[in-house]
Amino acid sequence: NQNSFSFLDIDFERKSGEITLLLLNVLLLVFIATYNYEQFFETVKKSNLSSDTHERVSAVIFSIVMAVGVILFYFKGGFNFDVKAKNLKRLASIWIVLNGILIASTIIKNSEYVSFFGLTYKRLGVYAFLILAIIGLVISFMKISRQKTNAFLFNQMVWYFYGTVLLCSFVNWGNIITHYYISVGKGVEPKFLSSL
């Protein structure tokens, strides 16, 4: 087990990882509580749904990038096999679960957005991104629990992204969006529907 930097010893690095993940868990917990309170207990104007949804997606992107960055840094090489890193692994797992809750909250917010304003390619893209984010969290959890390398994480994510793009190319999204608009009675204008 080797330290990442020559000027830091391994115990200090392990303890700094635990402190970092503990603080990030607390921050993410407050963030989730605040956003879910706003989402479920406050009345939101329809005009604010777009900005609220974009805020949540931005928060998910930022949180996922931070999660993967911290996991890649602290769980490279030696810490995968460090018997003293149980707290670090536990805190990382909690962080992954909290990010999953944040993603679920964002899916609900995007669904609310779709129910008020209908389907678009971008809103479907948000669903695809959020599903890929969940897959990324599951793969990150597998990396930690099964002691995999960073290359495993990158390799799996590239294949899932490629598979998603490949599967999406076989679906006629314009047809799905058109049938959605007709079934819910929104935007039923021939010019608009033919443009899809």
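To the nearest 0.5 angstrom, Glu18 atom CD is 4.5 Å from Asn87 atom CG. Note: Leu88 CG to Lys15 NZ = 10.0 Å, rounded to the nearest 0.5 Å. For the atom pair OG1 (Thr120) and OH (Tyr113), the distance works out to 7.0 Å, reported to the nearest 0.5 Å. We find the CG-CD1 distance between Asn25 and Ile96 to be 10.0 Å, quoted to the nearest 0.5 Å. The CG atom of Asn150 sits 7.0 Å away from atom CG of Leu153, with the distance rounded to the nearest 0.5 Å. Distance check: Leu29 CG to Thr34 OG1 gives 9.5 Å after rounding to the nearest 0.5 Å.
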Contacts under 3.5 angstrom, residues 126-141 side chains, donor-acceptor by atom type, not counting sequence neighbours:
| from | atom 1 | to | atom 2 | distance (Å) |
| --- | --- | --- | --- | --- |
| Tyr127 | OH | Ser111 | N | 3.3 |
| Tyr127 | OH | Ser111 | OG | 2.7 |
| Ser140 | OG | Gly136 | O | 2.8 |

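Judged purely by atom type and a 3.5 angstrom limit, Asn99 uses its side chain to pair as donor or acceptor with the backbone of Trp95. Side chain of Asn36 to backbone of Ser105: no donor-acceptor contact under 3.5 angstrom is found.
The minimum heavy-atom distance linking Lys89 with Gln147 is given by the pair NZ-NE2, 3.7 Å.
Side-chain contact between Arg90 and Leu21: absent, with no pair of heavy atoms (C-beta onward) separated by less than 4.5 Å.
Under the 4.5 Å side-chain contact rule for hydrophobic residues, Leu91 and Ile19 do not share a cluster.
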